[in-house]
Amino acid sequence: MKRYDPREVEPRWRAAWKAADAFRADAGSDKPKYYMLEMFPYPSGRLHVGHARNYAMGDVIARCKRAQGYNVLHPMGWDAFGLPAENAAAERGVDPAVWTEENISTMRAELDGLGLGIDWSREITTCAPEYYGRQQSWFLQLWRRGLVYRRDGLVNWDPVDMTVLANEQVIEGRGWRSGALIERRRRPQWFMRITDYAEELLAGLRSLPRWPDKVKLMQENWIGKSAGLRITFPLRGRDEGLTVFTTRPDTLFGASFLAISPEHPLAAVVAATDPAIAAFIAECRRGGVSEAEIEQAEKKGVDIGLTAAHPFDPSIELPVYIANFVLLDYGEGAIFGCPAHDQRDLDFARKYDLPVRPVVLPPGADPALFHVEQEAWTGPGTLMNSEFLDGLQVETAKEAAIDRARSLGAGERVLAYRLRDWGVSRQRGWGCPIPIIHCQACGPVEASPPVLLPRDLDFSRPGNALERHPTWKLVTCPECGGKAERETDTLDTFVDSAWYFARFADPWAAETIGRAGADYWLPVDQYIGGIEHAVLHLLYSRFVTKALRDAGLMDVDEPFAGLFTQGMVTHETYRRQNGEWLEPSEVTFRQEGAGRRAVLRATGEPVIIGEAEKMSKSKRNVVAPADIAGVYGVDAARLFVLSDSPPERDVQWTTAGVEGASRLVNRIWGAFSQPAAGPPIEGDPAKEALALRRSSHRTVKAVTEAIEAFRFNSAVARIHEFVAVLRGAGEASHRELAAARREALSILARVIAPFAPHLAEECWSKLGEAGLVAHAPWPEFDPALVEEAERVLPVQINGKRRGEIKAPAGASQSAVEDIVFRDPEIARRLEGLTIKKVIVVPDRIVNLVAA
RNA sequence: GCGGGUGUGGCGGAACAGGUAGACGCGCGGGUCUCAAAAACCCGUUCCUUUCCAGGAGUGUCGGUUCGAUCCCGACCACCCGCACCA
């Protein structure tokens with residue numbers, strides 16, 4: 001028998017798919033549509049196994065759905081703007097466009113080499129003018145609708161990448177790419193008004209049952225809705241009062257001070273005449289934003305000499321502070337301090353010797369003895385020292401306080417959100433230009449898209465190459481014709497990826513989004529990507545979808561009906577004694593009993609085996625799919641990354657694992673290359689044929705259900721089992737058995753097709769089937785063959801398994817009891833015992849309670 | 001600190017819906033084939049006791065509910081993830 005050679009077989013079938021244009025999607029079809037999408041890649045240079053796993057998962061679903069009769073759209077594109085291209089330009093002097101295009105060519109070939117069933121005619125590249133020009137068009141539409149604005153504000157400045165980052169891109173005080181400590185800087189920047197959609201983004205999560213709860217919870221927490229009271233305290237000697245936000249209006253009588261953010265407008269007013277206050281504000285601004293610094297940062301403040309009157313009782317007077325822990329852009333940028341019931345306020349009060357007045361009595365506490373020392377009471381209780389609120393519970397007191405504030409005209413019920421507007425300005429040359437022209441006379445005016453990037457940017461120095469370009473920004477104002485300048489900020493690349501799924505629906509459309517295509521294909525039925533985008537890309541995309549819907553560009557509320565977040569591919573790490581990282585190919589292993597020792601292949605020098613970690617260039621534990629394909633074939637690699645762990649979990653890449661998958665490929669091929677072969681038949685051939693048919697149909701059921709539940713590892717396990725059964729089935733000299741084998745092989749070829757598509761085609765053609773297995777219908781199972789006529793029921797005595805009986809499927813309690821009590825083994829076990837109770841779970845188990 | 005998750009053999013993991021724990025793969029042990037090795041194939045493989053037959057324990061720990069718990073409830077331990085001065 002000729003050994004299966006994936007290196008010969010696989011390219012042949014990829015060529016056949018190409019020749020047949022096998023994965024082209026067309027909008028006009030009677031079939032139900034199914035839009036399968038994986039997060040598109042950044043063209044970094046080479047594909048790694050993590051990409052392969054992500055796209056293999058999507059391909060399994062897409063191929064299965066296609067076979068099940070859906071009109072499937074499965075496109076691919078490139079998230080092509082971004083910093084690595086600028087870094088390459090800076091280091092090697094290459095044009096980022098050329099560098100990116102070369103990477104795309106390489107990676108397109110590598111992706112294609114994975115045997116993915118993709119409609120390449122729809123390929124999108126975000127750095128192409130036909131894409132980013134249309135992005136500029138909708139950007140301007142949102143601008144006209146007031147959803148885009150420019151303001152001066154404190155921004156997260158990444159000093160290494162020399163650009164601004166959005167809040168979502170700052171992880172533990174560091175830039176999400178550079179890892180540099182973020183500084184706060186004040187500069188004008190462009191924002192998208194995502195906060196306008198806070199409520200809908202929150203409520204919409206409930207319409208996404210096929211999203212992981214974890215992601216929905218993370219978005220919910222990120223949006224951070226709280227209900228409370230906005231209330232104004234009159235200031236002595238001033239016309240305007242000071243407005244604060246609180247979620248604890250019940251504790252208003254416990255107030256002992258007011259505090260405003262150092263960035264609050266009132267702070268600037270008082271600083272103008274008081275150098276000490278100005279100095280304090282400056283000091284606050286210098287403060288770092290790293291986790292450690294915030295943790296240790298002392299609560300500090302300065303009394304600004306103003307006096308506020310309590311809205312409920314003007315005789316109560318409160319000092320006003322500027323405090324470093326009050327945030328400008330949450331609530332009103334100002335708070336009232338209630339030290340007894342808020343830990344921060346308590347710390348502040350102790351430092352500045354302010355009164356601590358308990359107003360909530362914990363349940364069971366003695367009002368005469370209760371007092372707050374170093375720990376604020378934030379739990380439930382009964383109001384005290386609070387005039388009209390006395391005796392109420394916290395929740396009812398909140399309502400009563402809000403009612404009183406409203407009737408006094410001092411405040412009202414409001415909602416506050418933690419979500420901030422999305423800062424989209426980036427000081428980068430390799431990005432989508434913001435299509436705005438600044439004119440001294442007319443202000444910011446629209447530049448008509450596409451606003452193209454110049455090709456002669458200088459990336460040799462850090463910072464914004466676009467800004468440095470000698471002529472690009474110099475234009476005349478489209479309104480008045482006077483001298484004007486282009487905006488030199490470009491858009492955050494998360495804007496590029498926030499609508500690409502809609503462009504895939506009709507990438508040829510002249511409009512920004514082709515309506516007919518979008519109406520047909522959207523929303524994406526199944527989206528797959530990494531959990532790291534839980535609040536970045538996935539929140540931005542939801543917002544942009546809603547904003548574009550309201551602008552009339554598309555007609556869906558949510559972009560992704562189903563979401564699956566897949567785990568990473570990890571690999572062991574290896575280093576020499578001196579700490580130098582080693583590539584897996586440089587290391588060889590020696591078995592020592594149950595354990596394993598690693599040595600350097602070249603010298604035999606001992607190697608330290610480290611934890612399995614996410615593949616990264618710095619740790620040199622990256623495995624390239626192309627290298628594996630050359631040895632084991634792509635099908636084996638796909639089978640392995642899908643089989644060894646559940647898809648939402650990380651999978652550890654191991655050579656032994658791929659070898660196991662490769663064995664499966666060869667066994668399957670063995671079954672097809674000698675389709676009639678098997679051990680001699682021992683019993684009744686008709687019975688053997690029936691047993692084989694049962695196994696085939698059970699496999700169809702199990703694999704289908706596993707794929708639909710995203711349990712690819714279980715699906716592959718069932719295929720393993722089925723192949724073992726098929727190999728053990730008797731030789732097909734008998735007519736019925738021959739037919740059963742033929743059916744089994746036909747089923748096997750089709751159920752492996754989503755996982756190992758090349759092998760499946762080769763098997764399908766070996767069977768003599770016409771056409772591609774990629775276009776063959778998914779096998780259906782006969783329920784009668786899946787059901788077992790006779791069941792084996794374990795028999796327990798007092799919960800311990802003591803034997804088993806055979807009973808017809810669906811046998812009644814009394815029928816089962818009959819069988820049990822006639823069983824001699826069970827009878828022997830029951831000697832000397834009295835039966836107290838018999839529990840029969842039909843088709844499942846029997847439990848005898850005896851003493 | 002707040003919120004969420006996970007914990008099963010030597011390893012990755014399986015177990016519908018409270019009903020035979022450990023499917024399938026890896027590794028390991030034994031065997032067939034071979035002059036030999038590799039490959040391939042076959043058998044075995046939770047732990048303890050036991051020649052056999054068999055018995056006992058067992059899903060992070062302790063307790064509870066139940067005829068029966070990996071699954072439900074309570075407390076705890078460990079690890080992972082998200083947020084983090086959000087008033």
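Fair warning: this is a prediction, and the values are worked out from it, not measured in the lab.
- Each of B/A14, B/A54, B/U20 was ranked by its minimum atom distance to the side chain of A/Asn713; first place goes to B/A14.
- The residue A/Arg230 sits apart from the nucleic acid: no heavy atom pair falls under 4.0 Å.
- Across all strands shown, B/U6 is found opposite B/A78 as a Watson-Crick or G-U wobble partner, with both distances under 3.5 Å.
- For B/G68, the OP1/OP2 oxygens have no side-chain nitrogen or oxygen of A/Arg801 closer than 4.0 Å.
- Within 4.0 Å (heavy atoms only), A/Gly660 reaches sugar-phosphate atoms of the nucleic acid but no base atom.
- Each of A/Leu848 and A/Pro646 was assigned the nucleotide of RNA chain B with the nearest heavy atom; the assignment lying further toward the 5' end belongs to A/Pro646.
- For the C1' atoms, the distance linking B/U46 with B/U8 amounts to 10 Å, nearest Å.
- Remark: aromatic rings of A/Tyr352 and A/Tyr321 are close, center separation under 6.0 Å.
- Nucleotide B/G63 is matched to B/C73 when pairs are restricted to Watson-Crick or G-U wobble geometry with both distances under 3.5 angstrom.
- Among the heavy atoms of the strands lying under 4.0 Å from A/Thr246 are primed sugar atoms or P, OP1, OP2 only; no base atom is included.
- Annotation: the span from A/Ile826 atom CD1 to A/Gln796 atom CD amounts to 10.5 Å, rounded to 0.5 Å.
- Between A/Phe233 and A/Phe336, the angle of the ring planes lies from 30° to 60°, which puts this pair in the tilted group.
- Residue A/Lys800 is classed as a sugar-phosphate contact, given heavy-atom separations below 4.0 Å to backbone atoms only.
- The partner of B/A54 is B/U49, by the rule that a Watson-Crick or G-U pair needs both atom distances under 3.5 Å.
- Across the C1' atoms, B/G68 and B/A78 are found 29 Å apart, a figure rounded to whole Å.
- More than 12 heavy atoms of other residues, nucleotides or ligands shown are found within 6.0 angstrom of CD on A/Glu790.
- In terms of polar N and O atoms assigned as donor or acceptor, the side chain of A/Lys836 never comes within less than 3.5 Å of the base of B/C67 in a complementary pairing.
- Here the side chain of A/Ser226 is nearest to one of B/G19, B/A87, B/C26, namely B/A87.
- The nucleotide whose nearest atom lies closest to any side-chain atom of A/Ser714 is, among B/A87, B/A14, B/G56, B/A14.
- Computed from coordinates, the A/Ile752 CD1 to B/C24 P distance equals 19 Å when rounded to whole Å.
- Residue-to-nucleotide proximity on RNA chain B shows that, of A/Val841 and A/Gly799, the 5′-proximal contact is made by A/Val841.
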Would you list the protein and nucleotides 1-6 of chain B atom pairs, both N or O, that sit under 3.5 Å from each other?
none

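- For B/G7, the O4'-C1' to base torsion is more than 90° from 0; the nucleotide is therefore anti.
- There is a side-chain donor-acceptor pair under 3.5 Å between A/Thr232 and A/Thr243.
- Separating the C1' atom of B/C26 from that of B/G18 is a span of 32 Å, rounded to the nearest Å.
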Using nucleotides 40-46 of chain B, report all nitrogen or oxygen pairs with the protein that are shorter than 3.5 Å.
| unit_1 | atom_1 | unit_2 | atom_2 | d |
| --- | --- | --- | --- | --- |
| B/C41 | OP1 | A/Arg667 | NE | 2.8 |
| B/C41 | O3' | A/Arg727 | NH2 | 3.4 |

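- Counting non-hydrogen atoms under 4.0 angstrom, A/Asn847 reaches a base of the nucleic acid.
- When both pairing distances are held under 3.5 Å, B/G1 makes a Watson-Crick or G-U pair with B/C83.
- A distance-only check finds no donor-acceptor pair linking the side chain of A/Asn324 to the backbone of A/Lys299 [under 3.5 Å].
- A/Arg791 places its CZ atom 14 Å from the P atom of B/G19, with the value rounded to the nearest Å.
- The nearest whole Å value for the distance from the CG atom in A/Leu539 to the P atom in B/C83 is 13 Å.
- Only the C1' atoms considered, B/C71 is 16 Å distant from B/U20, to the nearest whole Å.
- A gap of 39 Å separates the C1' atoms of B/A54 and B/A75, to the nearest Å.
- Nucleotides B/C79 and B/G25 place their C1' atoms 25 Å apart, quoted to the nearest Å.
- Side-chain proximity of A/Glu721 to the nucleotides B/G12, B/A23, B/G25 is greatest for B/A23.
- When heavy atoms are screened at a 4.0 angstrom cut-off, A/Thr654 is found touching no nucleic acid atom at all.
- A donor-acceptor pair shorter than 3.5 Å can be found between the side chains of A/Ser226 and A/Tyr330.
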Evaluation steps, ring-ring contact (aromatic ring centres under 6.0 Å, His included), between A/Phe640 and A/Trp653:
CA-CA 8 Å; A/Phe640 172 62; A/Trp653 181 270; 5.1 Å; yes
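- Note on A/Gln796: a base of the nucleic acid sits closer than 4.0 angstrom, heavy atoms only.
- Across B/C85, B/A23, B/U20, the shortest atom-to-atom separation from the side chain of A/Ala717 is found for B/A23.
- Comparing the C1' positions of B/G63 and B/A15 gives a spacing of 26 Å, expressed to the nearest Å.
- The side chain of A/Leu327 approaches B/A87 more closely than any other nucleotide in the set B/A87, B/G55, B/U20.
- Look at CG on A/Leu642: it is 14 Å from C1' on B/G25, rounded to the nearest Å.
- Using atom C1' as the reference point in both B/G13 and B/C73, the two lie 28 Å apart (nearest Å).
- The side chain of A/Trp222 approaches B/C83 more closely than any other nucleotide in the set B/G27, B/C83, B/G55.
- Between A/His571 atom NE2 and B/G12 atom P there is a gap of 16 Å when expressed in whole angstrom units.
- In this structure, A/Val326 reaches the bases: a heavy-atom distance under 4.0 Å links it to at least one base atom across the strands shown.
- A/Arg828 comes within 4.0 angstrom of nothing in the nucleic acid, heavy atoms only.
- Between the side chains of A/Asn713 and A/Ser643, no donor-acceptor pair of N or O atoms lies under 3.5 Å.
- For the residue pair A/Gln219 / A/Arg542, a side-chain donor-acceptor distance below 3.5 Å is found, with atom types taken as modelled.
- Per the geometry, CG belonging to A/Leu793 stands 15 Å off C1' belonging to B/G68, to the nearest Å.
- The partner of B/G29 is B/C43, judged by Watson-Crick or G-U wobble contacts that both fall below 3.5 Å.
- Here B/C85 is the nucleotide among B/C67, B/A87, B/C85 with the atom lying nearest to any side-chain atom of A/Phe325.
- For the side-chain contact (heavy atoms from CB on, under 4.5 Å) criterion with A/Lys806, the lone passing option out of A/Val792, A/Ile819, A/Leu793 is A/Val792.
- Out of B/C85, B/G13, B/A84, the shortest distance to the side chain of A/Asn324 is found at B/C85.
- For A/His720, the side-chain atoms get nearest to B/G25 when compared with the rest of B/G25, B/G55, B/C85.
- Salt bridge A/Arg801/A/Glu804: present, at least one basic N to carboxylate O contact under 4.0 Å.
- Within a 6.0 Å radius of CZ in A/Arg694, other residues, nucleotides and ligands contribute more than 12 heavy atoms.
- Between A/Phe257 atom CZ and B/A87 atom P the separation is 15 Å, expressed in whole Å.
- Of the charged side-chain nitrogens involved, at least one lies within less than 4.0 Å of a carboxylate oxygen, so that A/Glu788 and A/Arg698 count as a salt-bridged pair.
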